[in-house]
*Asks:* 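One structure, pasted below without further comment.
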Amino acid sequence: MGRINWGRVVPCGLVFVSTGLQPAGTIVLDNEYVRVARSGTPCASGRTAGCGDRVIVALGDLELRAGGARRTLARGDIAVFGPDDTYDPPSGGPFFEVAIKPTHPAVPPPKERLPPEKNAVKYDGERFFVFEERLEPGETRARHSHGPRVVVQLNRTRLQQGPDGQPEILRDIVPDGAAFNAPVIHVVKNVGPLPLHGIVIEFKPANGS
């Protein structure tokens, strides 16, 4: 049995986005790094080829059974499973299964290592970490860096982003979708009516920095 990590949430570059309108079992994101299924678990078995670490991100209240344990997850909660772990398909509300491909490309190191402020790390592993991002309306997150990452947003709002060396952009944040964002260094301000609230699965470079 590998590791099972239950994470409860407590009180940007090139983007590929899926909306939250797909039927259950739809693959909403599939690239060299990850395969993301909405309310489906094609990688629930640790013996499934092409499935490495997996992260369940709850979009509603659900129940999840794994390794003889039963847990209830609320919207924004996560559960992390190692490559050898097996779990039953969650029951109840919607969710994303984020399956990390074991043969994904090497993760490029950041030009600068600038950890973002105001975020809370929910899981920190050898190859990736998961954090909850929050930013209240009117707040600014100072210049910071990101590696390649999967982003699941939970609120509808608007961000003003200032990437290094590029024009400032406005981005409407749509909840209940999955996005894959490329590495970036930027400044972010929440100019929308609601707090920014999301779950981010960010890859680490090979040296773990």
*Asks:* Salt bridge check: are Arg134 and Glu136 linked by an N-O gap of less than 4.0 Å?
*Replies:*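 Looking at Glu136 together with Arg134, the answer is no, because their closest N to O distance does not fall below 4.0 Å.
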
*Asks:* With a 4.5 Å limit on heavy-atom distance, are the side chains of Val150 and Val200 in contact?
*Replies:* no

*Asks:* So, the side chain of Arg171 versus the backbone of Leu159: is there a donor-acceptor pair under 3.5 Å, distance only?
*Replies:* no

*Asks:* Check for a donor-acceptor pair, side chain of Glu202 on one end and backbone N or O of Gly147 on the other, with a separation under 3.5 Å.
*Replies:* yes

*Asks:* Ignoring hydrogens and geometry, is there a side-chain-to-backbone donor-acceptor pair from Lys101 to Asn31 under 3.5 Å?
*Replies:* yes

*Asks:* How far does CZ of Arg143 sit from CD1 of Ile185, to the nearest 0.5 angstrom?
*Replies:*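 Those atoms lie 5.0 Å apart.
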
*Asks:* So which heavy atom on Thr41 is nearest to which on Glu97, and how close?
*Replies:* CA-OE2, 3.4 Å

*Asks:* Is it possible for you to say whether Leu59 and Tyr123 belong to one hydrophobic cluster, with membership spreading through side-chain heavy-atom contacts below 4.5 Å?
*Replies:*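 Per the 4.5 Å side-chain linkage, Leu59 and Tyr123 are co-clustered.
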
*Asks:* Establish whether Val36 and Ile27 are linked, either directly or via other cluster members, by ILVMFWY side-chain heavy-atom contacts under 4.5 Å.
*Replies:*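 Unlinked, Val36 and Ile27 end up in two clusters.
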
*Asks:* CZ of Arg75 to CG of Leu154: how many Å apart, nearest 0.5 Å?
*Replies:*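 Answer rounded to 0.5 Å: 4.5 Å.
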
*Asks:* Using modelled atom types and a 3.5 Å cut-off, is there a donor and acceptor pairing between side-chain atoms of Thr86 and backbone atoms of Gly46?
*Replies:*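 Indeed, once roles are kept as given, a pair shorter than 3.5 Å links the two residues.
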
*Asks:* Taking atom types as modelled, is there a side-chain donor on Asn119 or Arg141 under 3.5 Å from an acceptor on the other?
*Replies:*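 The answer is yes; a qualifying pair exists.
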
*Asks:* State, without any angle test, whether Thr72 and Asp61 hold a side-chain donor-acceptor pair at a distance under 3.5 Å.
*Replies:* no

*Asks:* Atom CD1 of Ile201 and atom CZ of Arg54: how far apart are they, to the nearest 0.5 Å?
*Replies:*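 The CZ atom of Arg54 is 12.5 Å from CD1 of Ile201, to the nearest 0.5 Å.
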
*Asks:* Within the distance-only criterion (no hydrogens, no angle test), does the side chain of Arg47 pair as donor or acceptor with the backbone N or O of Ser45 below 3.5 angstrom?
*Replies:* no

*Asks:* Are Phe95 and Val151 connected, step by step, through hydrophobic side chains (Ile, Leu, Val, Met, Phe, Trp, Tyr) whose heavy atoms are closer than 4.5 Å?
*Replies:*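 Per the 4.5 Å side-chain linkage, Phe95 and Val151 are not co-clustered.
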
*Asks:* Between Ile78 and Phe131, is there shared hydrophobic-cluster membership here, with clusters defined by ILVMFWY side-chain heavy atoms closer than 4.5 Å?
*Replies:* no

*Asks:* Where do Phe203 and Phe129 land on the ring-ring contact (aromatic ring centres under 6.0 Å, His included) test, with the steps shown first?
*Replies:* CA-CA 7 Å; Phe203 288 86; Phe129 62 104; 9.8 Å; no

*Asks:* Thr48 side chain to Cys43 main-chain N or O, any donor-acceptor pair under 3.5 Å?
*Replies:*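 No.
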
*Asks:* Just by distance, do the side chain of Arg149 and the backbone of Ala182 share a donor-acceptor pair under 3.5 Å?
*Replies:* yes

*Asks:* Quick one: do the Gln153 and His197 side chains pair a donor with an acceptor below 3.5 Å?
*Replies:*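 On atom types as modelled, these side chains do not qualify, holding no pair under 3.5 Å.
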
*Asks:* Pairing donors with acceptors under 3.5 angstrom, does anything connect the side chains of Gln166 and His186?
*Replies:*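 No, no side-chain donor-acceptor pair sits under 3.5 Å.
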
*Asks:* How are the rings of Tyr33 and His104 set to each other: parallel, tilted or perpendicular (split at 30° and 60°)?
*Replies:* parallel

